[in-house]
Amino acid sequence: MAREYVIRSAAPQGPRINFAAELNPQQLEAVQAPPGPALVLAGAGSGKTRTLTYRVAYLLENAVPAAQILLLTFTNKASREMLERVAGLVPYDLSDLWGGTFHSIGNRILRSHPREAGYEEGFTVMDREDSEELLQAALLSLEGKGKVADLPVKPSVVGDVIGYSTNVGRPIREIVQERYPQVEDFADLIESAARRYIQKKREANALDFDDLLFRTVELLKNHPEIAERYQKQFQFVLVDEYQDTNPLQSQLIDLLSAHHRNLMVVGDDAQAIYSWRGADHRNILSFGERYPGARIYKVETNYRSTPEVLRVANATLGKLQNTYRKQLVAARPSGELPRLIPVHTGSQQARFIVSRMLELSEAGVAWSKMAVLYRAHFHSMELQMEMTRAGLPFQITSGLRFFEQAHIKDVGAFLKFVVNPRDEVAFKRMAKLLPGIGARSADTLWTSVAPLGRLAVQARENSDGRVFSLGEEISKLKVPTKAAGAWKQLGHTLEELLPEGRPVAPLRMLQSVREALYDDYARATFPDFESRRDDLNTLGQFASQYVSAEEFLDQLALMSSVEQDRLGEADTGEAVTLSSVHQAKGLEWKVVFVIWLTEGMFPSQRSMGSLEAMEEERRLFYVAVTRAEDELYLSWPLVRRNMGAADAVQRISPFLQGIAPELLEEWHVSGGW
């Protein structure tokens, strides 16, 4: 197919950019790439955004009309930042340049051709809440139910399954078996719900977020004349963070760049860490096969980290098996060796980090220049507690603070009610978790439960040996028919928690609540059930330190109230960042602590049976390491406390085993077990 590329003299306004003076040789080569497909492998901290920005400026300087440039990004922030930088480099009008997220570009194309896409003009783009409400209506109509609480699987789970299936182009049943085994029994219902949901969207003349890509690809495939219009218009297509594209996004890119084939994709295969949300690592690895003759440019000079940090990063790169070979080169002068910190327990790990942060703060390092990174949110619980006790300000980007999460508060409600049967709020939260009981039913039930709670408290305070069985009395109450079975189970569970009218130990309480009721509820309610289960296991480890349920609940309350008192300080930005590595990608700090570097934690237990999954975990470790500018601390506890079981001896993460000893300085920590 013929290529159209006409280089004309630049517009006369303003001076030309001295690209050679403003870019390093590798960046310059990529920016001045000739026509044709090109893959720019931009390593961590190497100026990826700068390279892409100057590429757009270079095209404009060579008289390529702005309307013939398409710049695809993953976030609106990235798009704005690049276009603002371009505007600061060149004196040209950029209003015709097509720059934005994949979804915004899809929306723009669909708005121009609604009828061809099967919609009426003025169609609605639903946000997540609206989409879930429409899906909820589809499920209720299929099941003949009146309340969401009566559904065997919740709309949020079904929506996740449908969205993932749409983006990766694989059947729903296959996705359920592979990624959502907790709802495999409801695969038929989910498939039916997907069909009904599509029908209801058509009836409402509405699209959800995934439709903005799916329907655009469908439009371009079904209407060659429309596809040709955009293919001819976009003489140059540029894509940011290409390693994060999913199959649907890859199709859109290939369709829009099919005529001129002047496609430049920028990314780093070593930072491909989002397969859990549909990103396909193979898109960047197979680029040369899908675009024969594609040029590959490597941008490897790192401006972020010291040479010592980069040696650890390069050691990690060297262990990756299915990757483009590259070597990060430091632009900064030498610094300190990264530290390897073996500790006895997670609690000692937390105390070490707090102690070291206090020292760094006294030395002049701002709180906002420090971060703690981890593989999963539940790894941070002990650290959150220790930082709260010490009065260190922190903000969390990986989710809510540990004790604020819904599932933690849910199981806590059972314990609160058992300890204090007069707690109306705890009772209602507990009751509404049961199928068939909503807010109104919970209010009605409380009028009957409140007197029983008073009797239970009185019997507990008496010393005449009489026992009042709260669980037995509650199970006798009349409840909605749909809730009868679960209500009876609740009564049995309360009897387990209150043998002879006295609360059992908090760990035993948590185990009983989960086994009898909560795990089944969470499995049907939360798409990330396994992650929440890990959180509850961690809560159990914390509970195992207490004999008294009252003392355990007091600690939870005190921790939460202290956290709330400190939120204002954290919101000012002068706070340490606690983050999962996934959330930290693209960010940087002077000092970074990476914690829980043991087998089963980082890498995660679920990844250890798969070579492909382990490769992604190693890439995730590489991302964590390359967030550090000056100081890097890598810690691993020797012992992990287990909920209701013996302590488990931990093995050091294989990612640390792959680093030569001379690249790390080992610190031996004493005290604070």
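Values in this document were obtained by computation on a predicted structure and should not be read as measured data.
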* **salt bridge (Lys or Arg N to Asp or Glu O under 4.0 Å): pairs with one or both residues in residues 40-51, sequence neighbours excluded** => Lys48-Asp240, Lys48-Glu241
* State which residues pass ring-ring contact (aromatic ring centres under 6.0 Å, His included) with Tyr622; sequence neighbours excluded, sorted by chain then number. => none
* Structure fact -> In short, salt bridge (Lys or Arg N to Asp or Glu O under 4.0 Å) pairs touching residues 222-231 with sequence neighbours left out are Glu228-Lys232
* Asked: Side chain of Arg325, backbone of Leu317: donor and acceptor closer than 3.5 Å?
  -> yes
* Mind listing the closest non-hydrogen atom pair of Ala624 and Val594 along with its distance? => CB-CG2, 4.1 Å
* Asked: Should Thr323 and Asp269 be marked as a side chain to side chain donor-acceptor pair (under 3.5 Å) after you check the CA-CA gap, both sets of side-chain angles, and the distance that decides it?
  -> CA-CA 7 Å; Thr323 187; Asp269 61 303; 2.3 Å; yes
* To do: Give a yes or no on whether the backbone of Leu212 and the side-chain of Thr216 come within a donor-acceptor separation of less than 3.5 Å.
  => yes
* Without swapping roles, check the side chain of Thr626 against the backbone of Val623 for a donor-acceptor pair under 3.5 Å. => yes
* Ring centres under 6.0 angstrom apart (Tyr58, Phe19) -> yes
* To the nearest 0.5 Å, how far apart are CG in Asp160 and OG in Ser165? -> 12.0 Å
* Asked: Do Asp268 side-chain atoms and Gly43 backbone N/O form a donor-acceptor pair below 3.5 Å?
  -> no
* Structure fact -> Here the pair of heavy atoms bringing Glu666 nearest to Pro342 is OE2-CG, 3.5 Å
* Cation-pi geometry met for Arg179 and Tyr164 (6.0 Å, 45°) -> yes
* To do: Output all residues satisfying ring-ring contact (aromatic ring centres under 6.0 Å, His included) with His223, sequence neighbours left out; order by chain, then residue number.
  => none
* Structure fact -> Phe593 and Leu360 have their tightest heavy-atom pair at CZ-CD1, 4.2 Å
* **Results of ring-ring contact (aromatic ring centres under 6.0 Å, His included) for Tyr242 - residues two or more places apart only** => Phe287
* Glu629 and Arg332: side-chain contact (heavy atoms from CB on, under 4.5 Å), yes or no, with the steps? -> CA-CA 10 Å; Glu629 298 175 3; Arg332 295 184 56 198; 3.8 Å; yes
* Check: His377 main-chain N/O paired with Ser380 side-chain donor or acceptor under 3.5 Å -> yes
* To do: Measure from the side-chain N and O atoms of Asn18 to the backbone N and O of Ala21, and report whether any donor-acceptor pair falls under 3.5 Å.
  => yes
* **side-chain contact (heavy atoms from CB on, under 4.5 Å) partner of Asp254, the single match among Arg290, Arg261, Gln249** => Arg290
* To do: Would you name the heavy atoms of Arg627 and Ala584 that are closest together and state the gap between them?
  => CD-O, 3.4 Å
* To do: Test Val56 against every option in Val90, Val86, Val64 by the side-chain contact (heavy atoms from CB on, under 4.5 Å) rule and name the one that passes.
  => Val86
* To do: Using atom types as modelled and distance alone, determine if a side-chain donor or acceptor of Tyr324 lies under 3.5 Å from a backbone N or O of Leu285.
  => yes
Please tabulate, for side-chain N and O atoms in residues 93-105, each donor-acceptor pair with protein atoms closer than 3.5 Å (sequence neighbours left out).
unit_1	atom_1	unit_2	atom_2	d
Asp93	OD1	Ser95	N	3.0
Asp93	OD1	Ser95	OG	2.9
Asp93	OD2	Ser95	OG	3.1
Thr101	OG1	Ser104	N	3.0
Thr101	OG1	Ser104	OG	3.2
Ser104	OG	Thr101	N	2.9
Ser104	OG	Thr101	O	2.9

Side-chain atoms of residues 24-36: list all donor-acceptor pairs with protein atoms under 3.5 Å, sequence neighbours left out, distances to 0.1 Å.
unit_1	atom_1	unit_2	atom_2	d
Asn24	OD1	Gln26	N	3.0
Asn24	OD1	Gln27	N	2.8
Asn24	ND2	Tyr303	OH	2.8
Gln26	OE1	Glu300	N	2.7
Gln26	NE2	Lys298	O	3.3
Gln26	NE2	Glu300	OE1	3.2
Gln27	OE1	Asn24	N	3.1
Gln27	NE2	Ser46	O	3.1

* Structure fact -> Ile17 and Ala57 have their tightest heavy-atom pair at CD1-CB, 3.8 Å
* To do: May I ask you to check whether His582 and Tyr274 place their ring centers less than 6.0 Å from one another?
  => yes
* Can Glu308 and Ser334 be said to form a side chain to side chain donor-acceptor pair (under 3.5 Å), step by step? -> CA-CA 7 Å; Glu308 288 76 11; Ser334 187; 2.3 Å; yes
* To do: Sequence neighbours left out, what pairs pass side chain to side chain donor-acceptor pair (under 3.5 Å) with at least one residue falling in residues 587-598?
  => Arg304-Glu588, Thr598-Gln650
* To do: Verify side-chain contact (heavy atoms from CB on, under 4.5 Å) between Ile341 and Leu634, making sure each step is shown before the conclusion.
  => CA-CA 6 Å; Ile341 317 293; Leu634 307 169; over 6 Å; no
* Structure fact -> Interatomic distance, CG@Leu83 vs CG@Leu71, rounded to 0.5 Å, equals 6.0 Å
* Sequence-distant partners of Glu665, salt bridge (charged side-chain N to carboxylate O under 4.0 Å, His left out), two or more places apart -> Arg339
* To do: Walk me through it: do Gln349 and Ser635 pass the test side chain to side chain donor-acceptor pair (under 3.5 Å)?
  => CA-CA 7 Å; Gln349 176 178 248; Ser635 65; 2.7 Å; yes
* **By salt bridge (charged side-chain N to carboxylate O under 4.0 Å, His left out) - contacts of Arg606 (at least two apart)** => Glu530, Asp534
* Counting heavy atoms not belonging to Glu81, are there more than 12 under 6.0 Å from its CD? -> yes
* To do: Please indicate whether Arg282 has more than 12 foreign heavy atoms, meaning atoms of other residues, nucleotides or ligands, lying under 6.0 Å from its CZ.
  => no
* Asked: Does the ring centre of Trp367 sit less than 6.0 Å away from the ring centre of Phe394?
  -> no
* Asked: Which residue pairs pass the salt bridge (Lys or Arg N to Asp or Glu O under 4.0 Å) test when at least one of the two sits in residues 365-376, sequence neighbours left out?
  -> Arg375-Glu617
* To do: Examine the side chains of Asn246 and Asn167 and answer whether a donor and an acceptor come within less than 3.5 Å of each other.
  => yes
* Check: Ser286 side chain, Glu289 main-chain N or O, donor-acceptor pair, under 3.5 Å -> no
* Could you check Phe602 against Phe621 for side-chain contact (heavy atoms from CB on, under 4.5 Å), going step by step and ending with a plain yes or no? => CA-CA 8 Å; Phe602 197 168; Phe621 176 67; 4.0 Å; yes
* Would you check if the side chain of Asn283 reaches a backbone N or O of Thr245 as a donor-acceptor pair within less than 3.5 Å? => yes
* Considering non-hydrogen atoms only, spot the tightest contact between Glu616 and Ser275 and give its length. => OE1-OG, 2.8 Å
* Structure fact -> salt bridge (charged side-chain N to carboxylate O under 4.0 Å, His left out) filter on Arg108, not counting sequence neighbours, yields none
* Asked: Checking Ser305 side chain against Ala628 main chain: does a donor-acceptor pair fall under 3.5 Å?
  -> yes
